[in-house]
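In what follows, a single structure is set out as structure tokens and then discussed.
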Amino acid sequence: MIILDANILKSTSLRGPAADVLRAIRAVGVERVAAPWIALEEIAAQQALAYRKKHDAAMAAVDELRKATPWEHVAHPKRWPAEHVRGHWRERYSSITEVIETSPEAYQQAMFRETNLIAPCKTVNSGKNKTGARDAAIWLTAVEYARAHPDEVVYFVSDNTSDFGDGTSFPEPMEKDIRGMEHRFFLFTSLDGVLTKFATELEASVEDVQALLDTEDVRTTVLQAAETAVKRYRVVRGSRITSESGSPRLVPYGSSSWKPTAVALDKVLKVSGREVGGHHWFTASVRWLLAESHLAFPDERAAYAWETRVLLSPTAEKTLTVLDSKPPAPIAPEDILKVPEATLDPEAAALAAQFFDRMAASPHFEGFLKGLTQLVPDFTKMEAALLEFARRSQGLTESLAEMPTEKPRGEE
């Protein structure tokens, strides 16, 4: 078990090579990687406090801008609750570490050590204040885990050498804490040592991963990751591919949600490699082209360029994991011919078909369309799309009519 202190989590970029190696170690099952609950909560709290400070600064800046813009309303940036911010970072860090809990007894001992200034606790501000209960809780969590798992080796990683020592010796009573476990409890003062122990760097090129990325299983995984990633963004930016005079044209497009049904590999931007547990693992930055069809525009597609960082292996059982991604972006004109064909999402198509069938069957539908045409002179294309979809969905109408429906409440 590799157990990370809060200072190691804070200094590890989630998009950096060290984090990628930790993910590979977890994926191949060489070692578990964990952090005590309080260590992860400390990082989440720091992010929430930093967000609040930056948001306060943004609010003040907007107030000043409002004073200078009396002819226009300037909206304040939305303020997310602190728990939303903490939850975001808990989720992000879960890609590199699991959480191990600390027992009530260990927390009690940690508070006792701070009260009595027992290592790793100490005083600060020239002896005016006592501190270190969280450090003690993190240390005791690692010790507690080692004692509960006598068949495992524990690698505790912390750069807090002033309180935990340099790994060659420990202050009292910390030396007593690990007595009898010296042969299987090790302190590393940086990730470098422990990562070198479990992962060997490899030379890697685009050719090493190109074929691995262009498979049906990978495309399915990327589409599933896209559906999850959209939760991070309020608006997804892309392009609508439309045809005028027979030539495709791109129109800027934005939506509060997306559910692409087709994906194509565009290019591999960067690759690095490691050997972990006898398997070769590659981390690659990859650009994909995704497409989805829209009910209102049956002859058009929405298209997106999506850059992701993925972890993959040619030999391990789990071939691909999407580690991180940038927000979806509009495509370029030269991408049009490479965008895959897209089908309607079956569930959305069925619901829309039911809606349009009922609407088309209404005697008021024709009058409704005429009214819209009068209000919006350029409504012809929308009218044609609605009528065409209603025509195409007649088969679905018959199927839906045969489906049992629940009785309204009160008629049972």
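Just so we're clear, the structure is a prediction, and the values are computed from it rather than from any experiment.
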Atom pair [atom1]/[atom2] of [X] and [Y] - distance to nearest 0.5 Å:
X      : Y      : atom1 : atom2 : answer
Arg274 : Ile25  : CZ    : CD1   : 9.0 Å
Ser313 : Leu212 : OG    : CG    : 8.0 Å
Ser255 : Arg240 : OG    : CZ    : 12.0 Å
Arg90  : Ile43  : CZ    : CD1   : 12.5 Å

Closer than 3.5 angstrom, by distance alone: can the side chain of [X] be matched with the main-chain N or O of [Y] as a donor-acceptor pair?
X      : Y      : result
Ser293 : Ala342 : yes
Arg237 : Pro252 : no
Arg66  : Val74  : yes

key: Ser162 and Asn160: side chain donor to acceptor below 3.5 Å   = yes
ask   = Can a donor-acceptor pair be found between the side chains of Thr283 and Arg309 at a distance below 3.5 Å?
value = no
message = For Trp306, give me all partners under side chain to side chain donor-acceptor pair (under 3.5 Å), at least two apart in sequence or on another chain.
response = none
message = Checking Trp80 now: which residues fulfil ring pair (Phe, Tyr, Trp, His ring centres under 6.0 Å) with it, not counting sequence neighbours?
response = His84
key: Partners meeting ring pair (Phe, Tyr, Trp, His ring centres under 6.0 Å) with Phe164 (sequence neighbours left out)   = Trp139, Phe156
If the threshold is 4.0 Å, N to carboxylate O, is there a salt bridge linking [X] and [Y]?
X      : Y      : value
Asp20  : Arg15  : no
Asp177 : Arg113 : yes
Asp56  : Arg79  : yes
Arg184 : Asp151 : no
Arg249 : Glu300 : no
Asp335 : Arg287 : yes

task = Determine the sole option in Leu311, Ile96, Leu195 for which the side-chain contact (heavy atoms from CB on, under 4.5 Å) test with Val21 is passed.
result = Leu195
ask   = Hey, are the side chains of Gln210 and Leu265 touching, using non-hydrogen atoms and a 4.5 Å cut-off?
value = yes
ask   = Would a 4.5 Å heavy-atom cut-off, applied to side chains only, mark Glu175 and Ser169 as touching?
value = no
message = Run Lys122 and Thr131 through side chain to side chain contact (heavy atoms under 4.5 Å, CB included) and show every step you take.
response = CA-CA 6 Å; Lys122 60 185 179 182; Thr131 187; 4.0 Å; yes
[X] and [Y]: which non-hydrogen atoms are nearest, and at how many Å?
X      : Y      : result
Leu290 : Ala226 : CD2-CB, 4.1 Å
Glu152 : Tyr145 : OE1-OH, 2.8 Å
Ala204 : Gly273 : CB-N, 3.7 Å
Pro77  : His55  : O-NE2, 3.0 Å
Leu250 : Ser239 : CD2-CB, 4.0 Å
Val62  : Ala75  : CG1-O, 3.8 Å

inquiry  = For Phe282 and His280, take the angle between the two ring planes, folded into 0 to 90°, and tell me which bin it lands in: parallel under 30, tilted 30 to 60, perpendicular over 60.
reply    = perpendicular
Parallel, tilted or perpendicular, as decided by the 30° and 60° cut-offs, for the rings of Tyr155 and Phe186 = parallel
request  = For the pair Ile241 and Ile336, evaluate side chain to side chain contact (heavy atoms under 4.5 Å, CB included) and give the outcome as yes or no after the intermediate values.
outcome  = CA-CA 8 Å; Ile241 304 176; Ile336 293 177; 4.2 Å; yes
Gln108 atom CD, over 12 foreign heavy atoms within 6.0 Å = no
message = Please determine whether the number of non-hydrogen atoms from other residues, nucleotides or ligands lying under 6.0 Å from atom NZ of Lys10 exceeds 12.
response = no
